[in-house]
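These notes concern the structure reproduced below.
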Amino acid sequence: MAYAYDDQNIFAKILRGEIPNNTVMETDHTLAFNDIMPQAPNHILVIPKGPYVCYDHFALEASDAEIADFTRTIGKICAELELQPGAGGDGYRLISNAGENGVQEVPHLHVHILGGRWLGRMLQKAD
Ligand code: 5GP
């Protein structure tokens with residue numbers, strides 16, 4: 001099934017410069033910025049610049065260059081914020097919500113990087 005991308009979503013507006021953001025890192029294919037409602041001391045959203053709705057859409061349809069750039073950017077941010085558990089950091093969590101069951105609010109792929117505090121178990125009991 002083909003995904004329909006809504007170019008009026010808030011992250012598309014951020015990418016077009018219509019809404020400001022607090023940029024953490026920017027590359028040719030990727031933008032990372034602080035979440036407006038942080039859930040942890042470190043809460044960064046990493047988004048591809050291309051029009052991808054969610055992770056599987058990106059993973060199946062993005063170019064190798066986009067995928068490599070996106071993945072490396074996540075790694076560089078974890079390193080820059082000293083979150084890497086293998087290098088003395090306290091660790092982090094990556095989350096990418098997709099669709100209704102995933103409770104995705106913004107229909108442009110984003111990976112949340114959360115860190116800076118103990119994050120608890122992966123899932124809480126659903127309401
Ligand atoms: P989702 O629930 O789709 O995985 O996460 C969407 C995230 O986008 C939320 O954590 C929310 O706080 C964040 N967000 C929504 N609107 C804005 C905005 O205008 N600017 C920034 N920086 N973050 C936003």
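All heavy atoms count here, side chains included; hydrogens, waters and symmetry mates do not.
Residues Asp90 and Pro85 are not in side-chain contact: their nearest non-hydrogen atoms beyond the backbone lie 4.5 Å or more apart. Side-chain contact check for Ile95 versus Val111: every heavy-atom pair is 4.5 Å or farther apart. Taking 4.5 Å as the limit, every side-chain heavy atom of Ile44 sits out of range of all side-chain heavy atoms of Phe33. Residues Ile47 and Leu109 fail the side-chain proximity criterion, which asks for heavy atoms closer than 4.5 Å. Side-chain contact check for Leu114 versus Tyr92: every heavy-atom pair is 4.5 Å or farther apart.
Closest of all the heavy-atom pairs between Ala59 and Ile67 is O-CD1, 3.8 Å. Taking both residues in full, the closest heavy atoms of Leu83 and Gly116 are given as CD2-N, 4.2 Å, listed atom of the first, atom of the second, then distance. For the residue pair Pro48 and Phe58, the shortest heavy atom distance occurs at CB-CE1, 3.7 Å.
Taken together through direct or relayed side-chain contacts under 4.5 Å among Ile, Leu, Val, Met, Phe, Trp and Tyr, Phe11 and Leu31 form part of one hydrophobic cluster. Residue Val53 is not grouped with residue Val106 when hydrophobic side chains (ILVMFWY) are merged at heavy-atom distances under 4.5 angstrom, including chains of intermediate members. Transitive grouping of hydrophobic side chains (ILVMFWY, heavy atoms separated by less than 4.5 Å) brings Leu45 and Ile19 into a common cluster.
Within the 3.5 Å criterion, the main-chain N or O of Gly99 finds a donor-acceptor partner in the side chain of Gln104.
A search for ring-ring contact (aromatic ring centres under 6.0 Å, His included) contacts involving Tyr5 returns His108, not counting sequence neighbours. Remark: Ser96 engages no residue in a side chain to side chain donor-acceptor pair (under 3.5 Å) (not counting sequence neighbours).
The local environment of CD in Gln8 is crowded, with over 12 non-hydrogen atoms from other residues, nucleotides or ligands closer than 6.0 Å. The local environment of CG in Asn101 is sparse, with at most 12 non-hydrogen atoms from other residues, nucleotides or ligands closer than 6.0 Å. Within 6.0 Å of atom CZ in Arg72, 12 or fewer heavy atoms from other residues, nucleotides or ligands are found, so the atom counts as exposed in its surroundings.
For residues 28-57, every residue pair satisfying the side-chain hydrogen bond (donor to acceptor under 3.5 Å, both in side chains) rule, not counting sequence neighbours, is listed here: Tyr3-Asp56, Glu26-Lys49, Thr30-Asp69, Asp35-His43, His43-His112, Tyr52-Glu66, His57-Glu61.
Once rounded to the nearest 0.5 Å, the distance linking CE of Met25 with CD of Glu80 reads 4.0 Å.
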